[in-house]
Each structure stands twice: as structure tokens, then as C-alpha cells.
Amino acid sequence: FTLWNSRCSITLLRQHAMLFTSVTSTSSNGLSYTKFSSTNYQQQQNFVTMRQAAGDKGSAKRNSQSRNAHRSSVDSTHSDTNVNSPPFNHPHCDRQAMYQQPVRKVKTLRGNYDYDLVVIGGGSGGLSCAKEAVAHGARVACLDYVKPTPIGTKWGVGGTCVNVGCIPKKLMHQASLLGEAVHEAAAYGWNVDDKIKPDWNKLVSSVQNHIKSVNWVTRVDLRDKKVEYINGLGSFVDPHTLSAKLKTGERTITAQTFVIAVGGRPRYPNIPGAVEYGITSDDLFSLEREPGKTLVVGAGYIGLECAGFLKGLGYEPTVMVRSIVLRGFDQQMANLVASSMEERGIPFLRKTVPLSVEKQSDGRLLVKYENVETGEVDSDVYDTVLWAIGRKGLVDDLNLDNAGVMTHKDKIQVDSEETTNVPHIYAVGDIIHGKPELTPVAVLAGRLLARRLYAGATLRMDYADVATTVFTPLEYACVGLSEEDAVKEHGADEIEVFHGYYKPTEFFIPQKSVRYCYVKAVAQRSGDQLVYGLHYLGPVAGEVIQGFAAALKSGLTIPTLMNTVGIHPTTAEEFTRLSITKRSGLDPTPASCCS
């Protein structure tokens, strides 16, 4: 009775608060469309006006270079079952217009459904949304289920990032860097045994133990925050009902609102032997045997990162490239990344596609492949074949047709508030079409969505200028536009590219190659010289670019960058020393480090 009374009181307070804070409100499809006159909204409007006044005519269309063309327009009309509603305009490419749209506020109908909110997917975006919604008084359940890979790999709650993505990848990358550091230590005066080598089984065990500890902490956190965790595969029965397949049977769940956050899984090529004998990143971090000589098929960031740490751990990776390296990233930087990997002894099979995989009598894998330009067919034998050819959104098991949710191929289209074409069903994270597939993006989008639904907030997710890092042996990080996108958006005559090579101090004594250590800033040529994009290739790239990302989103200009005093000796200070432009034709190689 006390709990019911408390929830009833909170509901009444919120409904009264809506009456006092709303400016205009119209109802459609059972949802209240409320326009708020809030401080956050005004700050967003002021910032957009400031950016335009500074001469950034293209900032409203700006694409983050980490997801080339991700801010494509989506034409969708919201409609509910048997109800015709007016179309809701959601101009993805116009940031100012986006913030002028009214924010939907859900009318809570407690008691009519089992839950106020059901989140489908226990990854980063879904968990952040669920926990934030509970913090604002909602009754929340979170469904999570992992289908085993073809070789039987499965994992616990937490999604791709925790289990088979960012976390194990960074740990193995760190193990690789430590291997390099051990050998470099000799040059710094350390007595190092030449017989030092990695133990794959011990590394995998350590990584998996950490992951399991995170799984446990996540379950405890959900319990403490009163989020009901349901280990089941959910599919829609109707727009407000889910059927969850559990180990003990099936369970029917109803909710007022749903958030789809199921993410994606790696693709397999449609060739003989691909599924039977190949693995993906879902399997690599728990592989019970040494990978040995490995063919990495795919030259996106996942493929290059895996090839990089495998080489650092003493194995023999080869990268197969169908077309270009790091599609969607700045291509000058992408080619520098590939060249730096080739310098380290990682071969690239360019313009090549696999034809088949056959298992030999000795257990090794015979891979036949073809050069797409010459038509020449060749083959080689490997211990492991790793597919890194892209990811597929997990929409097939959801029975979205039963809920009326429209999809685009294997992704879900949403508007500027992460709303699907069904007004009470939302989507966040890698499952949505045309947005950066990055963990921090999903986390923030999920959190902001929950605040809009249950806390009266108005702030929307801004998908522009999202920083990212590729954890190759020589790391690459960027934020903002690539050089190609800046030229396409503003014109070559309106772009100035400041660039320079540099020499990390820590590379001197072990005499490591500095050939590919490079930074550049893509900026407006005239006016305030607003910075459109920053690109960095070198050590600890993610740590370097994170701070600059905040500066770029705040309106960083070239004069401000040049008038900033750098911290010496660091690699991050190289951005403050940029003075040579590509247009000048001058040599961007430094002559000295301290003058």
C-alpha cells in the first residue's frame, strides 16, 4: 500500500508539473506533444546561432568523420494502429531545426501495463536507459539474451562492448603494447630476458575473468537499482506486448513504452566453409587455442585492431582488403595507418576477396581467394580465419511487423528523439540506422531518452562531431569532418588543412619509427577559421583527442589553437604547433623539437 501510494503521488506531481512547465500541448495517438521553454533548449538555440554567426554555414550538416554520411535524412510518418496522425518532421541534417521540434512527453498510465518501460537488449545503450528511467520513478524491465556463435561462444549481460568488443579489445591491445615496451626497455637500460614471450591461454583467462567480474557487477547494479533483469529472447506480439522465451518456458510482458537496444553481430560471407571454419571477434577473445597464422578478412577498424594486437603478441596476421582501408574515415589518415602496419610486418592482400575455406587433414585451413581487378586466383594455408566484414543489426527475432515498426534493411529508422514510426517504441545504439555505432553514443542517447520520457527533460542526442579511436599499433583518433567530407561540404577553395609530422620523445632512445606520426586540422579558410576536423596518428591517440573533441564542439578556431600553450614534451601539443598548410607546399617535417 505504501509503495502504491508513493507511486501515485509521484505520478500526480509529474502531471501537475507538466501543466505548469508546458507552453503548448497537443495530443495525438495517445501521446502528449509538449513544447518546453527550458534553459537547455535556449542554450542549444544560442549555441547554434553563435556557430552560424561565426561563419560555419555547414555546421548544421556536419558529419562526424567516424561515421561517414551517418546524418542522412529519414523520411518517416508516425502512425499508430487504426489511427491516422499528422507527419512529424525530423530533419536530421539541420541541427537548429531539430531543436525547434517539440519534445514528446509520455503520459504515464501506471497500472494498465506490467511495466512503464521495457528495454530489449542488455548492452550499453539499453542498460543506461533502463537505469536512468528507474531513477526517475519508472517501473522497468530489461530483456537480454545472447545466441551462441556457430562455434558455441556465448557471454553474460553487458552487451558487445563489455564482452566481445571495446573492453577485451583494449586489454589485448594493451598486452601487445606491453610486449613492445618490454623489448624497448633494454634500450633504456633494463636487463631484459630475450626469451620473454606471451602466454595466450593465460592472457585469455585474465581477460575473461575481468569480463565475468563486470557481468556480475552489472547484475548486482540492476538489482540494486530495481531494474528487473529477464534473461530471455523477446519478440513482439502486438505494439504493447512482448513474448519472452526463457529457459523455463515463455512469459508474456506488457509495457506502455519500449526501447529497442539489441545492437548487432558480425557478418559471415556467403562462401563455402565460412561459417563452419571461420571465427569472428565474438570468438577471438575467448579462443581456447593460439590463433597462430591468421587471415583477417576485412579492413575496417575491427579487422585492423585485431591484426595489430595479434602481431604484437607474436602471431602472423594477414589483412585481406576488398576495396579501401577504414571506409568512412579520412583516407589520407587511413592509408597512413595501413602503411604503419605494413612497416611492422603485417602484409595486406589488396583488392582481394575470399572464395572458399577448406579444412585440411592436419586441421589447418586452406583459403582460396581472388584478385577482383586481375581475376587471378590464389590460395594459402592458415591456422585461423577471422571474419571482420561488417555487422548485422539483430532485427530478425523481434517480430517488428507485429508492432508495426518499420526497418531499413537490418536497422531501425528513428527521428531526432530516437522514436520509431510507432510513437511509443524507441531505439538506441547500434540498431538504429545512420548513426555512429559507438558505445558512448549509445550510453548517452539512452540516458537522454530516459530523461525526456520520465524527467521532463528536453535535451536531445547530438550525433555530430563524435570522437573515436582506432586502436591499431600506432593509434589513430579523430573528431569532426574528414578532409574529403569538408571539401565536399564546403568546397576545396573554402578549406585550409594545417598539418605536420612529429617525433614523440619516447621514441628516440629505442629508435622507433616516427615516419607515420602525423597530425592535421581541417579548418575554414577565411573568417574565424573554425575547425571542422582534427586527426591524430600516434601513441595514446584516444587520450589526446578526447579533450580536443570538447573544444571542437565548443567552436574551436585555428587562432585559438595556435594561441594555446602546449604541455612539453607531449604529443598532444603538436596540435598547438600547427602552422604549415597543405596549400603552401612547405615541408611539414619538423627540424627540431624544442624551438
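On a predicted model such as this, the values are computed, not experimentally measured, just so you know.
With rounding to the nearest 0.5 angstrom, the OH atom of Tyr301 is 10.5 Å from the SG atom of Cys306. Here the OG atom belonging to Ser482 is positioned 9.5 Å from the CD atom belonging to Glu489, to the nearest 0.5 angstrom. Separation of atoms OG1 (Thr407) and CG (Leu400) is listed at 6.5 Å; rounding is to 0.5 Å. Here the CD1-CD1 distance, from Ile412 to Ile432, works out to 9.0 Å after rounding to the nearest 0.5 Å. Interatomic distance, Leu453 CG to Leu117 CG, rounded to the nearest 0.5 Å: 7.0 Å. One distance of note links NE2 of His240 with OG1 of Thr254; it measures 9.5 Å at 0.5 Å rounding.
Taking each heavy atom of Ala403 and Val422 in turn, the nearest pair found is O-CG2, 3.3 Å. The two residues Ile431 and Leu394 come nearest to each other via the heavy atoms CD1-N, 3.5 Å. Contact detail for Gly122 and Asp144: the closest heavy-atom pair is N-OD1, 3.0 Å. Closest approach of Gln529 to Ala523, counting heavy atoms only: O-CB, 4.2 Å. Nearest heavy atoms, Ala541 versus Ala477: O-CB, 3.4 Å. Among all heavy-atom pairs drawn from Leu552 and Asp465, the shortest one is CD2-CG, 3.6 Å.
Side-chain N or O atoms of Lys411 include none that pairs as donor or acceptor with a backbone N or O of Val395 at under 3.5 Å. Asp114 places no side-chain N or O within 3.5 Å of a backbone atom of Ala255 that could act as its donor or acceptor partner. The backbone N or O of Lys147 sits less than 3.5 Å from a side-chain atom of Arg265, completing a donor-acceptor pair. Judged by distance alone, the side chain of Glu305 and the main-chain N or O of Phe471 form a donor-acceptor pair under 3.5 Å. Panel note: side chain Gln208, backbone Phe285; a donor-acceptor pair is recorded below 3.5 Å. Remark: the backbone N or O of Ser235 is not paired with any side-chain donor or acceptor of Asn399 at under 3.5 angstrom. Panel note: side chain Asp330, backbone Met333; a donor-acceptor pair is recorded below 3.5 Å. Using a distance-only test at 3.5 Å, with no hydrogens or angles considered, a donor-acceptor pair links the side chain of Asp410 to the main chain of Gly393. Looking only at distances, no side-chain donor or acceptor of Lys435 sits under 3.5 Å from a matching main-chain atom of Val428. Judged purely by atom type and a 3.5 angstrom limit, Thr472 has no side-chain atom pairing as donor or acceptor with the backbone of Leu304.
Ile545 has its side chain out of reach of Cys478: every pair of non-hydrogen atoms, C-beta onward, lies at least 4.5 Å apart. At least one side-chain heavy atom of Leu438 sits under 4.5 Å from a side-chain heavy atom of Val466. Between Tyr454 and Thr257 the shortest side-chain heavy-atom distance falls below 4.5 Å. Residues Gln174 and Leu171 are not in side-chain contact: their nearest non-hydrogen atoms beyond the backbone lie 4.5 Å or more apart. Using a 4.5 Å cut-off on side-chain heavy atoms (C-beta onward), Arg447 and Val443 make contact. Here the side chains of Thr218 and Leu127 are in contact, with some heavy-atom distance below 4.5 Å. For the pair Cys142 and Val157, the minimum side-chain heavy-atom distance is 4.5 Å or more. Taking the side chain as every heavy atom from C-beta outward, Pro168 and Asn163 never approach each other to under 4.5 Å.
Residues Asp283 and Thr153 have side chains that bring a donor and an acceptor to within less than 3.5 angstrom of each other. Defined by atom type and a distance below 3.5 Å, a donor-acceptor pair is missing between the side-chain atoms of His535 and Glu483. Between the side chains of Glu250 and Ser243, at least one donor N or O lies within less than 3.5 Å of an accepting N or O. Side-chain polar atoms of Tyr115 and Glu228 form a donor-acceptor pair below 3.5 angstrom.
With respect to Glu418 and Arg452, a salt bridge is recorded, a charged nitrogen being found less than 4.0 Å from a carboxylate O.
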Check your understanding: Does the pair His490 and Leu481 meet the rule for a side-chain contact (heavy atoms from CB on, under 4.5 Å), with working shown?
Key -> CA-CA 11 Å; His490 302 284; Leu481 292 178; 4.1 Å; yes
Exercise for review: Apply the test side-chain contact (heavy atoms from CB on, under 4.5 Å) to residues Leu246 and Tyr145: give CA-CA distance (whole Å), side-chain angles for both, the deciding distance (0.1 Å), then the verdict.
Suggested key: CA-CA 9 Å; Leu246 312 176; Tyr145 181 81; over 6 Å; no
Check your understanding: Would Ile253 and Ile230 satisfy side-chain contact (heavy atoms from CB on, under 4.5 Å), going step by step from the backbone distance to the final call?
Key -> CA-CA 11 Å; Ile253 300 169; Ile230 302 172; 3.6 Å; yes
Practice item. Would you please test Phe236 and Ile425 for side-chain contact (heavy atoms from CB on, under 4.5 Å) and show each step? Key: CA-CA 11 Å; Phe236 281 97; Ile425 300 179; 4.0 Å; yes
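Shown are Thr571, Thr469, Thr570; of these, the side-chain contact (heavy atoms from CB on, under 4.5 Å) with Val544 is made only by Thr571.
Ring pair Phe258/His424 is tilted by interplanar angle, where 30° to 60° counts as tilted. Ring geometry for Phe575 versus Tyr536: interplanar angle of 30 to 60°, hence tilted.
Heavy atoms from other residues, nucleotides or ligands lying under 6.0 Å from CD of Gln546 number 12 at most. By the neighbour-count criterion of 12 heavy atoms within 6.0 Å, atom NZ of Lys392 is densely surrounded, having more than that number from other residues, nucleotides or ligands.
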